[in-house]
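Below is one structure, written out as structure tokens; comments come after it.
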Amino acid sequence: MKEKNLTIVEHIDEIRKRLMVIVVFFVIAVAGSFFVAKPVIQFLQLQYTGEIEPMLSGEVEESPLHSFAVLDPIMIYMKVIIFISFVVISPVIMYQLWAFITPGLHEKERRATRNYIPFTFLLFVAGVSFSYFVLLPYVMKFMITLSGELGITQTIGINEYFTFLFQILIPFGVVFQLPVVLLFLTRLGLVSPTRLVKIRKYAYFTLFVIAAFITPPDLMSHLLVTVPMFALYELSIFISRFGYRKYLKAEQQRQLDEVKAEQQRQIDEVMGR
């Protein structure tokens, strides 16, 4: 694949075409999500009711969540449909993003970075699953216990519950992309494992602050978030070493090719005389 030097207008046209592809896939995903949104909504309520096991045996009781507005049910339905659609087409979004930025990369770099796309989807799903099955039960238990200690009767609206749910699920899906992002950057030579080690304490502090924003103020919930984040960062450093070695090898090969090309050019000039 030859590298292209595009004008600003051509870049804008390229972005428009790729956005149109994403929109088409999104519309298709929305149409399909209508058929799965209802069971997904019922399933996502189970961490509040604590009825995952009864659900698996077909013995789910009526949800205690309440609707405080006439439009709450349809709003929840649309939010879940959009969420499912974005998750389903996330590989398409990543591929279009990859296809837009790769004309400036060498062929080997294109092939290497293209292989990261499936892992971004898997890591997003892993992050969402971790937050739903591990973190959310502790958060809900903490909130319910705190309400009892303060003598507060919790009457939770379903719209508020799902808003809170997405505020936990989506950030974790994004945070779990850290290994792929850092591997991508080291593969391009924009960062190095040595640099990642040097800024470790600043990275830990940033992750600690992020964890404080998305968890309730109790030690157990905070540890459930910060420890996996720190582990992800360390895993990212470990994986980035392989990507950086490939980058250095590719750079050496590129420099060697440039030297050979320059020598050949000089020989051609001499022979031409």
Side-chain angles (χ1 to χ4, degrees), residues 44 47-48 79 82-84 86-87 89-91 93-94 97-98 101 112-113 115-146 160-248:
L44 291 177
Q47 285 295 17
Y48 175 74
K79 285 180 181 179
I82 292 173
F83 176 75
I84 295 172
F86 271 112
V87 172
I89 71 166
S90 58
I93 297 174
M94 293 302 301
L97 177 62
W98 171 86
I101 65 176
T113 53
N115 296 333
Y116 301 159
I117 295 175
F119 293 101
T120 61
F121 175 75
L122 295 176
L123 286 172
F124 182 84
V125 173
V128 169
S129 300
F130 171 83
S131 60
Y132 181 76
F133 290 105
V134 178
L135 176 62
L136 188 61
Y138 281 98
V139 174
M140 297 306 301
K141 182 179 179 181
F142 173 80
M143 293 302 180
I144 293 173
T145 302
L146 182 61
E160 289 74 16
Y161 172 75
F162 272 87
T163 299
F164 173 73
L165 185 65
F166 289 140
Q167 288 174 347
I168 292 181
L169 299 184
I170 296 175
F172 265 89
V174 175
V175 168
F176 268 58
Q177 305 297 312
L178 186 62
V180 171
V181 171
L182 292 182
L183 178 60
F184 180 78
L185 294 177
T186 52
R187 187 66 181 82
L188 299 181
L190 299 178
V191 296
S192 67
T194 303
R195 179 64 178 170
L196 294 176
V197 171
K198 287 183 178 180
I199 65 171
R200 176 187 279 130
K201 58 182 179 181
Y202 303 106
Y204 275 14
F205 177 76
T206 302
L207 294 174
F208 184 85
V209 171
I210 292 174
F213 276 105
I214 60 179
T215 57
D218 73 289
L219 180 61
M220 188 61 187
S221 297
H222 203 278
L223 289 177
L224 281 173
V225 176
T226 53
V227 172
M229 283 185 172
F230 291 169
L232 277 174
Y233 189 79
E234 293 301 325
L235 177 64
S236 302
I237 294 176
F238 176 75
I239 294 176
S240 67
R241 299 183 192 277
F242 298 97
Y244 195 67
R245 281 202 289 266
K246 291 183 178 180
Y247 163 75
L248 293 177

Exercise. Determine whether more than 12 heavy atoms belonging to other residues, nucleotides or ligands lie under 6.0 Å from atom CZ of F166.
Key: yes
Are the side chains of [X] and [Y] in touch, meaning some heavy atoms are under 4.5 Å apart?
X	Y	result
L136	F164	yes
L182	I239	no
S240	L196	yes
Y244	V191	no

Practice problem: Using the test side chain to side chain donor-acceptor pair (under 3.5 Å), find all partners of T163 that sit at least two apart in sequence or belong to another chain. | Solution: K79
Drop me the distance from [X]'s [atom1] to [Y]'s [atom2], to the nearest 0.5 angstrom.
X	Y	atom1	atom2	value
I168	F130	CD1	CZ	11.0 Å
L232	L123	CG	CG	8.0 Å
F176	S131	CZ	OG	8.0 Å
F83	L169	CZ	CG	5.5 Å
T194	I237	OG1	CD1	10.0 Å
L122	Q177	CG	CD	9.5 Å

Quiz item: How close do I170 and F124 get, heavy atom to heavy atom, and via which atoms?
Solution: O-CE1, 4.3 Å
Quiz item: Y204 vs F230 aromatic rings, parallel, tilted or perpendicular, using cut-offs 30° and 60°?
Solution: parallel
Exercise. Give me the ring orientation class for F238 and F242: parallel if the planes are under 30° apart, tilted from 30 to 60°, perpendicular past 60°.
Key: perpendicular
Quiz item: Given the rule in the side-chain contact (heavy atoms from CB on, under 4.5 Å) test, do F121 and V87 qualify, once you have shown the distances and angles that lead to the verdict?
Solution: CA-CA 8 Å; F121 175 75; V87 172; 4.0 Å; yes
Quiz item: Hey, does the side chain of Y233 reach the backbone of L178 with a donor-acceptor pair shorter than 3.5 angstrom?
Solution: no
